[in-house]
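Written below as structure tokens is the structure these notes are about.
Just so we're on the same page: letters track the sequence lines, and every chain starts at 1. Worth knowing before you read on, the calculation uses all heavy atoms, side chains too, and leaves out hydrogens, waters and symmetry mates.
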Protein chains: 2
Amino acid sequence: MPERKPRKDAARNREAVLAAADALFARRESPEDVTMADVAAAAGVGKGTLFRAFGDRAGLLRALYEARMEPIRQAVEAGPPPLGPATPPRDRVPALLDAVLCFKLDNRRLALALEEGGSGSPYRAEHYERWHGLLRAVLEQVPGLTDSGFTAHALLAATRADLVEHLAGDEHIPREAMRAQLANFVTGVLASSPREG
Amino acid sequence: MPERKPRKDAARNREAVLAAADALFARRESPEDVTMADVAAAAGVGKGTLFRAFGDRAGLLRALYEARMEPIRQAVEAGPPPLGPATPPRDRVPALLDAVLCFKLDNRRLALALEEGGSGSPYRAEHYERWHGLLRAVLEQVPGLTDSGFTAHALLAATRADLVEHLAGDEHIPREAMRAQLANFVTGVLASSPREG
DNA sequence: GTTGAAGCGGACCCAGGGTCCGCATTCTAG
DNA sequence: CTAGAATGCGGACCCTGGGTCCGCTTCAAC
């Protein structure tokens with residue numbers, strides 16, 4: 001096991017950076033005007049340290065994302081219905097998408113930064129693959145529904161960070177209205193396949 | 001009328017740039033490695049000229065986009081069914097989305113560059129607003145369908161350039177399969193509202 | 001305490017978008 | 001045809017921001 005435990009100061013700095021970045025993304029208007037130098041400065045750390053700890057900008061974003069996402073991941077993998085695995089597919093699909101939507105509403109800047117800055121398409125990101133794989137698998141359980149791979153992509157596309165940002169920020173659609181509209185849309189997509197009886 | 005006609009050399013250069021950029025986007029793997037300097041060089045023109053003619057990168061992309069889009073715009077605004085205005089809503093919605101999809105398949109790099117580099121969300125771009133407005137209006141004609149604004153966004157999201165690129169490039173889904181899957185998806189969304197009759 | 005490895009930090013590098021301004025080209029008036 | 005002004009040209013230059021480098025510091029194992 002070549003797993004070396006990190007030095008104390010390294011761990012402390014890592015946390016400081018994470019906290020600072022989190023705060024910065026929350027405060028600043030657009031994610032693209034929170035620069036790596038800003039984060040380093042806010043964390044009271046040199047740029048070198050920052051890049052050593054996270055590799056690059058995308059790495060920092062990913063770390064932040066995973067921290068924020070952890071509770072949802074838990075709820076999806078082993079939690080109670082409607083998110084957990086015991087839920088019947090027709091109920092779980094809307095629940096999953098609602099969870100994604102809520103996450104993006106609660107972490108707008110972060111999600112935005114993650115999806116746009118990610119040096120290449122967001123579709124190659126490991127976290128996207130996970131959501132897509134899961135959603136696809138659940139959709140596959142819905143009788144009569146075809147093209148579950150494509151459908152999963154299309155449904156997830158309706159929760160893209162920049163779209164959510166546009167709806168919330170420019171069109172001023174309130175949170176609950178958005179959730180309702182998404183739920184309605186998802187229901188429609190599912191309803192087109194025959195109900196099981 | 002303060003509309004001054006442009007000088008001959010200016011017009012010629014503008015065309016040269018457009019052609020060069022078009023060619024470059026077609027050849028290069030990713031749109032982000034076709035740089036403004038590249039375009040200028042390929043067109044045999046100085047950077048100053050390029051920026052004078054188009055303002056900035058987004059301006060160039062927009063110009064390119066509009067040129068490529070023109071025939072489709074015509075077909076949609078005044079052409080025959082299934083794209084033209086005489087088409088019944090239930091048939092026109094899939095036709096419109098199919099047109100968008102095909103456009104993005106035929107102009108992958110360009111569409112990609114336009115959607116991601118666009119200094120801010122693609123949702124504020126004037127061309128998106130046009131497509132969304134049109135689609136929304138057509139959806140509004142479909143009896144029983146609610147939230148046409150949101151639905152229009154969600155359907156368009158299924159044709160986002162980076163998704164199309166992912167499906168075509170990474171998942172190797174052939175053109176016709178993709179068109180069929182999108183059509184199927186759209187049909188599902190529309191079918192959830194009661195058929196008129 | 002000593003010592004070598006792990007980590008630190010900020011000066012530095014580089015690419016790429018965008019600007020500037022002296023020079024060239026084109027239009028227009030006489 | 002020519003002169004002058006207006007318009008446009010081009011590439012050197014600037015600036016921002018991500019990412020690297022390396023001499024110095026700090027930690028922790030002995």
Would you indicate whether the side-chain heavy atoms of Arg160(A) and Glu115(A) approach each other to under 4.5 Å?
yes
Could you give the CG-to-P distance, from Asp56(B) to dG16(C), as a whole number of Å?
17 Å
Nearest heavy atom decides the nucleotide; on that basis, is Val34(B) or Gly48(B) closer to the 5' end of DNA chain C?
Val34(B)
Arg52(B) vs dG8(D): side-chain N/O to OP1/OP2 distance below 4.0 Å
yes
Starting from C1' on dG10(C), measure out to CZ on Phe51(A) and report it in whole angstrom.
13 Å
For Arg57(B), which contact category applies under a 4.0 Å heavy-atom criterion: base, sugar-phosphate, or nothing?
sugar-phosphate
Mind listing the closest non-hydrogen atom pair of Asp162(A) and Pro122(B) along with its distance?
OD2-CD, 3.6 Å
Side-chain N,O (Thr35(A)) to OP1/OP2 (dG18(D)) below 4.0 Å:
yes
With a 4.0 Å cut-off on heavy atoms, is Thr49(A) in touch with a base, just the backbone sugar-phosphate, or nothing at all?
base
Write down the distance between CG (Leu50(A)) and P (dG7(C)), rounded to a whole number of angstrom.
15 Å
Report yes if some heavy atom in the side chain of Arg109(A) is under 4.5 Å from a heavy atom in the side chain of Val34(A); otherwise report no.
no
Common cluster, Tyr123(A)/Leu112(A), ILVMFWY with side-chain heavy-atom separation under 4.5 Å
no
Value in whole Å for how far the C1' atom of dG17(C) lies from CG of Leu61(B)
13 Å
Of Arg12(B) and Ala37(B), the one whose closest DNA chain C nucleotide lies more 5':
Ala37(B)
Round to the nearest Å and state the distance from Met36(B) atom CE to dG16(C) atom P.
13 Å
Phosphate OP1/OP2 of dC9(D): any Asn13(B) side-chain N/O under 4.0 Å
yes
